[in-house]
Number of protein chains: 4
Amino acid sequence: MLASVPGRPTFKRLPRAVREQQMLDAAVRVFSRRGFHEASMDEIADEAGISKPMVYAYLGSKDDLFRACVNREGTRLLESIVAVVADDLPADEQLWRGLRGFFGFVGAHRDGWAVLYRQARSGQPYDLATLRTRIVEVVAGMLRSAVESQSRQARDEDLTASAYALVGAAESIADWLADHPEADPDRSAARLMNFSWLGARQLLQGELWQPSSA
Amino acid sequence: MLASVPGRPTFKRLPRAVREQQMLDAAVRVFSRRGFHEASMDEIADEAGISKPMVYAYLGSKDDLFRACVNREGTRLLESIVAVVADDLPADEQLWRGLRGFFGFVGAHRDGWAVLYRQARSGQPYDLATLRTRIVEVVAGMLRSAVESQSRQARDEDLTASAYALVGAAESIADWLADHPEADPDRSAARLMNFSWLGARQLLQGELWQPSSA
Amino acid sequence: MLASVPGRPTFKRLPRAVREQQMLDAAVRVFSRRGFHEASMDEIADEAGISKPMVYAYLGSKDDLFRACVNREGTRLLESIVAVVADDLPADEQLWRGLRGFFGFVGAHRDGWAVLYRQARSGQPYDLATLRTRIVEVVAGMLRSAVESQSRQARDEDLTASAYALVGAAESIADWLADHPEADPDRSAARLMNFSWLGARQLLQGELWQPSSA
Amino acid sequence: MLASVPGRPTFKRLPRAVREQQMLDAAVRVFSRRGFHEASMDEIADEAGISKPMVYAYLGSKDDLFRACVNREGTRLLESIVAVVADDLPADEQLWRGLRGFFGFVGAHRDGWAVLYRQARSGQPYDLATLRTRIVEVVAGMLRSAVESQSRQARDEDLTASAYALVGAAESIADWLADHPEADPDRSAARLMNFSWLGARQLLQGELWQPSSA
DNA sequence: CATGAATGAGAATTCATTCAT
DNA sequence: AATGAATGAATTCTCATTCAT
């Protein structure tokens with residue numbers, strides 16, 4: 001009966017893998033707009049078009065569910081970056097590509113970003129700390145190899161601090177991007193590239209960084 | 001009645017203003033270590049050494065209380081920055097002073113910083129968004145005046161983006177600082193100054209920014 | 001269909017009676033270790049190696065299932081006793097055989113005993129009350145016929161009380177036995193026989209204990 | 001207003017100690033008639049004429065509450081026995097008094113007995129196991145001293161078994177008593193005394209029953 | 001001023017039970 | 001015959017908030 005109504009998909013008796021993704025989608029949306037604590041399992045189940053016990057059966061407790069969201073979105077984010085970065089490129093090109101990947105993800109998955117950045121941060125130390133640390137380390141590594149390619153020395157602490165600064169700057173702009181749906185992710189990437197690569201002084205003097213490709 | 005019983009110490013009937021500060025101190029500590037939702041009014045009252053009804057009588061609901069915390073700490077933070085910045089200084093000097101003020105506050109008020117940054121973010125739209133926007137605007141204004149002093153034009157959006165980047169970078173490093181009590185705030189300020197003022201390229205080439213004063 | 005796929009073992013399509021016994025075995029084990037309420041239908045189905053709907057199809061609701069367990073174990077227990085008692089034996093011999101049968105069952109079916117005694121007791125008025133009453137009546141009858149064989153009178157209430165005492169004593173020792181797998185059931189039977197028979201004999205002979213005071 | 005209605009006691013704002021006893025009374029009644037698992041905190045709160053949060057505030061979780069019930073009733077039971085037993089009396093007199101104390105408690109606190117015996121048994125190992133063991137040990141000690149007063153030897157295991165039998169018999173009769181409000185506790189005590197003492201006396205005198213066959 | 005006593009409302013979680021395939 | 005998918009209905013427990021003293 002229901003199935004015969006055109007345009008209204010039957011939501012019944014789907015295989016587990018499909019349902020799990022639906023649930024995760026719903027959970028990401030709800031966590032994104034409410035935050036971890038304000039989100040209720042009831043609302044998530046509703047949003048997924050399913051009853052609460054199914055959520056528990058498939059994805060466990062609220063904590064488990066949240067972790068699963070963070071993991072999925074975190075993995076996607078990492079992949080968005082890793083997919084476009086190639087080790088043998090010059091440092092600025094790598095940074096540029098990394099930023100485009102990053103802002104591209106944020107623009108395309110605003111809810112996922114909100115869960116990762118706004119929600120996961122404040123609470124219990126989910127794997128997010130790990131994820132962020134990993135990103136920071138990747139960036140730090142990138143900087144280090146760039147430095148070494150110039151036969152220079154740099155204190156590790158300084159590199160790490162720069163990486164933190166860079167990641168924080170990216171997050172901050174991503175946050176603004178997530179709240180401005182009309183904004184262009186690539187443009188955000190370019191702006192941050194200029195700021196971080198050239199520095200405020202250069203910017204103030206009107207200098208601009210230009211992508212060598214594309 | 002009770003107070004008149006000899007040998008029984010009179011309960012301190014402190015003036016309202018003092019009590020309120022005690023409560024806010026307690027609330028900031030508790031919100032800082034638990035987060036908004038995990039913090040219970042019971043724990044806050046306990047920490048303040050008073051009974052719950054007093055908290056409600058003086059500071060209103062939990063939301064009100066949290067807002068009061070954010071306001072007080074936010075104001076202090078702004079003051080830490082404003083106090084050291086003078087409009088007629090060159091841009092780099094202003095930035096340098098602003099960063100020192102900022103990291104100084106974070107180092108001295110780790111709990112306050114945690115409430116402002118980690119907790120207030122995730123949830124309800126408290127005045128924090130406002131506070132952050134105000135800081136961003138201050139920084140953007142600083143950049144604009146610097147640009148204009150060079151008789152140049154710059155698109156407002158670009159300036160804003162740079163301000164966001166700068167604030168985000170500062171927050172990120174502040175966050176790291178809050179978790180490393182042994183770290184030196186001034187050193188953090190210097191690192192970020194280098195990064196943001198000179199840019200990654202300059203840094204990679206070994207250039208360094210030097211404070212003209214102090 | 002599935003069964004016709006070569007190389008894929010045919011799922012055992014066991015006859016209903018066999019399946020039911022498997023389920024009851026599993027249920028007795030689970031009820032024994034968890035108690036009625038803590039036992040979940042999931043765990044029982046798991047233990048039986050079948051899916052839940054089968055349990056419902058064959059044995060009905062959880063209550064039904066529990067009743068079925070109690071019935072089966074209760075019947076076995078009664079049979080263990082009845083099988084060895086013969087009406088024409090002297091009273092002490094009957095009691096001795098009855099106790100041996102009883103403790104023999106407990107030693108051999110610890111799970112069954114636990115279900116009967118520990119679990120069924122606390123809750124709903126299953127047939128257990130009936131079972132116990134039946135046992136008490138059997139014992140009371142045994143005592144009565146012994147008395148009458150001595151041409152004596154005894155108040156029915158006193159006989160019933162003695163039967164209760166005897167059954168309670170047996171249960172108490174059985175309980176201890178169920179927790180001590182190394183203990184010898186026959187030895188327990190002999191101990192209780194000594195305790196109860198020497199008393200019962202005096203009673204049967206009309207002797208009475210009198211309080212020295214009051 | 002409410003307080004002025006005669007015959008309708010005001011149930012409001014009682015001191016903690018009073019409320020706790022009311023709650024325990026209610027809990028014992030509900031646990032007694034429903035069993036641990038079937039009893040809901042809602043029903044207990046209702047029965048106590050109070051809201052659930054108060055129960056949690058004063059007595060903790062459902063487990064804690066149950067433990068508190070068992071403790072209170074167990075203590076009362078022990079006191080009922082200890083109060084009337086005096087070490088320097090002859091063994092039979094001690095046993096007689098102990099039984100009267102025991103059955104007196106059961107007759108006067110049927111609900112308490114039900115909680116102790118029927119409910120606490122089946123579930124988690126609350127202190128009840130301890131309580132019962134303690135009682136068994138007391139009885140065993142009583143028997144041992146009686147034996148030794150006759151300069152005889154007895155194997156400890158046999159004494160323990162007799163104690164178990166005695167306690168089990170008492171519980172069994174108590175159970176019957178709890179279901180027959182019109183019955184006289186003292187009469188039950190006398191019946192069990194007869195049954196057990198006449199047996200115990202023979203035992204104490206070294207008599208043994210021997211199986212005629214096997 | 002100050003507080004112990006009290007609660008309404010809602011949250012997570014579980015479980016017996018049934019459908020649709 | 002057999003099962004994975006699905007849920008209604010409880011249940012325990014917590015918390016912000018308010019009286020009555």
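- C/R34 approaches C/E38 most closely through the heavy-atom pair O-CB, 3.2 Å.
- Aromatic ring orientation, C/F31 versus C/F66: perpendicular (interplanar angle above 60°, classes split at 30° and 60°).
- A cation-pi geometry, defined here as NZ or CZ lying under 6.0 Å from the six-membered ring centre and within 45° of its normal, holds between C/R16 and C/Y58.
- The CE atom of C/M23 sits 11 Å away from the P atom of F/dA1 (whole-angstrom rounding).
- Rounded to a whole Å, the CD atom of C/E43 is 15 Å from the C1' atom of E/dA16.
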Base-pairing string, 5' to 3', of DNA chain F - Watson-Crick or wobble, under 3.5 Å, | interstrand: .||||||||||||||||||||
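- Atoms CD (D/E38) and C1' (F/dA10) sit 11 Å apart, rounded to a whole Å.
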Set out, line by line, the N/O atom pairs under 3.5 Å between protein and nucleotides 18-21 of chain E.
from: E/dC19; atom 1: O2; to: A/R13; atom 2: NH1; distance (Å): 2.7
from: E/dC19; atom 1: O2; to: A/R13; atom 2: NH2; distance (Å): 3.0
from: E/dA20; atom 1: O4'; to: A/R13; atom 2: NE; distance (Å): 3.4

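- Atom NZ in C/K62 sits about 8 Å away from atom P in E/dT17, given to the nearest Å.
- Ion pairing between a basic and an acidic side chain is recognised when a charged N comes within 4.0 Å of a carboxylate O; A/R72 and A/D25 show such pairing.
- Heavy-atom distances to DNA chain E give each of D/R16 and A/S40 a nearest nucleotide, and the one nearer the 5′ end belongs to D/R16.
- Contact annotation: A/R19 side-chain N/O to F/dG4 OP1/OP2 distance is not under 4.0 Å.
- The heavy-atom pair separating B/L24 from B/L65 by the smallest distance is CD2-CD1, 4.0 Å.
- Put simply, the side chain of C/D64 gets close to the backbone of C/S61: a donor and an acceptor are under 3.5 Å apart.
- Here F/dC13 presents its P atom at 11 Å from CD1 of D/I44, a figure rounded to the nearest Å.
- A residue-by-residue look at B/D42 and C/Y58 shows that C/Y58 has its nearest nucleotide of DNA chain F further toward the 5' end.
- Contacts of D/M41 with the nucleic acid, taken as non-hydrogen atoms under 4.0 Å apart, involve only primed sugar atoms and P, OP1 or OP2.
- Between the CG atom of D/L65 and the C1' atom of F/dC13 there is a distance of 13 Å, rounded to whole Å.
- In this structure, the salt bridge (Lys or Arg N to Asp or Glu O under 4.0 Å) partners of C/R33, at least two apart in sequence or on a different chain, are C/E43, C/E47.
- In this structure, CD1 on A/I50 lies 6.5 Å from CD on A/Q22, to the nearest 0.5 angstrom.
- In this structure, C/R34 atom CZ and E/dT14 atom C1' are separated by 15 Å, rounded to whole Å.
- Both B/G60 and C/S51 sit near DNA chain F, but only C/S51 has its closest nucleotide nearer the 5' end.
- Backbone-only contact: C/A39 has heavy atoms under 4.0 Å from sugar-phosphate atoms and none from a base.
- If you measure from atom CE of B/M54 to atom C1' of F/dT17, you get 16 Å, rounded to the nearest angstrom.
- Because its NZ or CZ atom is not both nearer than 6.0 Å to the ring centre of D/Y56 and within 45° of the ring axis, D/K62 does not count as a cation-pi partner of that residue.
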